[in-house]
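Each remark here refers to the structure printed beneath this line.
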Amino acid sequence: MTRAALHVVPARPSEDAAALARVAAGDVGGLGEVYDRHAGALLRFARRAAGPADADDLLQSTFLRAARTAHTYDGSRAGTARPWLFGIAARLVQERRRSLARQARALIRVAAGALAASESPPSGPGSRMDVEAALATLPTDKRVVVVLAEIEGYSCAEIAEMLGIPIGTVWTRLHHARRALRACLGVTES
Amino acid sequence: MTTPRKCERIWVVEALRDGRVDGVERAKAARHLETCAECAREHAELERLACELRDATEHVDELHVRRMRPGVLHAAELARSAGGDARAPRARRTFWIAATAAALVLVVLGWRWRRVEVPVVATTSPPPSADAVVEAAQEGAVRWTRTTTSEAQQIILDDGTLRVRVRRPPGSKRVIVRVPDGELEDIGTVFFVTVVHGRTQRVGVDEGRVVVRLAGSSQFVLSAGESWERPEETASPASSVAHAPPVAAPSGIPRPVPTAVGRAPATSTSAAAGAGGASEEDEAYLRVIQLTRAGRRDEARAAALEYLRRFPDGFRREEVGRVAR
């Protein structure tokens, strides 16, 4: 059983490496090339991992940090720079630590939704909420992992490298995130 | 009625999905899924969860992404400049010693400039992978070349007069004119540049505004329609203005009032101190940018603090405030 590839990236890894090498040398034009190839995917991730309100800011912060740390990018590795960029974005999400306030708001919505559901005939196995609200209830570290794994399609090994954490930690966070989401979305659990 | 026992190997479903098993164990787990209804159901539910997450992901508006691009690159450029990037090429630092963020016009010493009716060789801009449109027209004998890098369009003027018109939409490449005794960067101006024997002689501005910074003197500002000419004697800027030989105003460029022409940089700055005019504010802001990009952090910070003191409600206060921190 294999997971279907969920993301397709332009197969031009050498161009990313060359562009980031120029950025490291002070040529911001190289950053523009990297932006053109990966900003869309990063913004999609940012909206799920950090929320729509913070996504644009996270996108810009990601590229600013990429410019500042371009000299650390290993251009000899296979693949494009997208995992490296996602790793920057994911770490920025965790650094910001905004999930507490957002979770509080989401929990209020969850409570309101559950109350409304309890007052109306249930249409399914249990009360449901939208995906965005469900993701917002997750702690930042778990939310980032499940978005990278289930929406962006990265393997657990890739996620571990992006976030700089042990792969066992990724497995654990992913397990707990799935359980929480299944409870929120009404997906039955064995 | 007893509760059905959960399959003891239910864990293999996530393990397979997350790559926790491989080799022989992976093959065994895959075979188990084919025979165990509960595990197969668990697998289906996890897949359904993943599908819900992916289906709910909105498509990114590519136009929105494109609109963000100039701001992101501009922020990266500012961050790099403010950080005094130690990895910047020496040529870049040398450039910013002589240039400002605004348009600089260099006129090199030589002859008294006059509008000569000569065939203008219009040169089209290089095909921009950027959006800047650069038109360079030479007057008479001129030695110059043009290059394009990933970051900027460059005009290298060795000798003679060039008329340069630049239109730079936001986010487009920089336009740099390199001359023997310095460099200048344009931000959308029509100006005349004359280089003779490696020195700037005259500045003439048709459109826009120009900050002129020459070796041995402080900067001063010329607006559209104004011109400045280097005197023949080496004198103080103030006296050089008073004794500047009369300049035949070329057609299309009205002769400015002498006191407004080539005013002594130091005195103009001091005279404008506290006046808070728009030109003085721009001048102060450009000074901050120039020092920042030259890597002169302490001076840049001092200039930023001076700007904030003089223009507490200045248009650039936020940007300058970051340098002042």
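A note on names: the letters A, B, ... follow the listed sequences, proteins ahead of strands, and every chain is numbered from 1.
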Contact check, side chains of A:Asp36 and B:Arg69, non-hydrogen atoms, under 4.5 Å: yes
Rounded to the nearest 0.5 Å, what separates atom [atom1] in [X] from atom [atom2] in [Y]?
X        : Y        : atom1 : atom2 : value
B:Glu14  : A:Arg178 : CD    : CZ    : 4.5 Å
A:Leu64  : B:Glu77  : CG    : CD    : 11.5 Å
A:Arg182 : B:Glu52  : CZ    : CD    : 11.5 Å
A:Phe63  : B:Met68  : CZ    : CE    : 9.0 Å
A:Leu174 : B:Asp18  : CG    : CG    : 4.5 Å

Which pair of heavy atoms, one from [X] and one from [Y], lies closest together, and at what distance?
X       : Y       : answer
A:Leu31 : B:Ala76 : CD2-CB, 3.5 Å
A:Val28 : B:Leu73 : CG1-O, 3.7 Å
B:Val65 : A:Tyr35 : O-OH, 2.5 Å
B:Ala75 : A:Gln60 : CB-NE2, 3.7 Å

Residue A:Asp74 excluded, over 12 heavy atoms near CG under 6.0 Å: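 Correct, the count exceeds 12.
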Can you confirm whether B:Glu319 is buried at CD, in the sense that more than 12 heavy atoms of other residues, nucleotides or ligands lie under 6.0 Å from that atom? yes
Between B:His64 and A:Asp56, do the side chains contain a donor N or O and an acceptor N or O under 3.5 Å apart?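 On atom types as modelled, these side chains qualify, holding a pair under 3.5 Å.
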Note: A:Glu152-B:Arg54 ion pair, threshold 4.0 Å (strictly below):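 Result for this pair is no, no salt bridge flagged.
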Salt bridge or not between A:Arg44 and B:Asp61? Use side-chain N to carboxylate O under 4.0 Å. no
Partner set under side chain to side chain donor-acceptor pair (under 3.5 Å) for A:Arg65, not counting sequence neighbours: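 Testing A:Arg65 for side chain to side chain donor-acceptor pair (under 3.5 Å), a comparison that skips the adjacent residues, returns A:Glu95.
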Go through the structure and list residues passing side chain to side chain donor-acceptor pair (under 3.5 Å) with A:Arg91, not counting sequence neighbours. none
Trace of the side chain to side chain contact (heavy atoms under 4.5 Å, CB included) decision for A:Val131 with B:Asp55: CA-CA 9 Å; A:Val131 171; B:Asp55 290 345; over 6 Å; no
Portion of A:Leu59 that has a non-hydrogen atom of chain B nearer than 4.5 angstrom: side chain
Contacting moiety of A:Leu43, where chain B heavy atoms sit under 4.5 Å: both
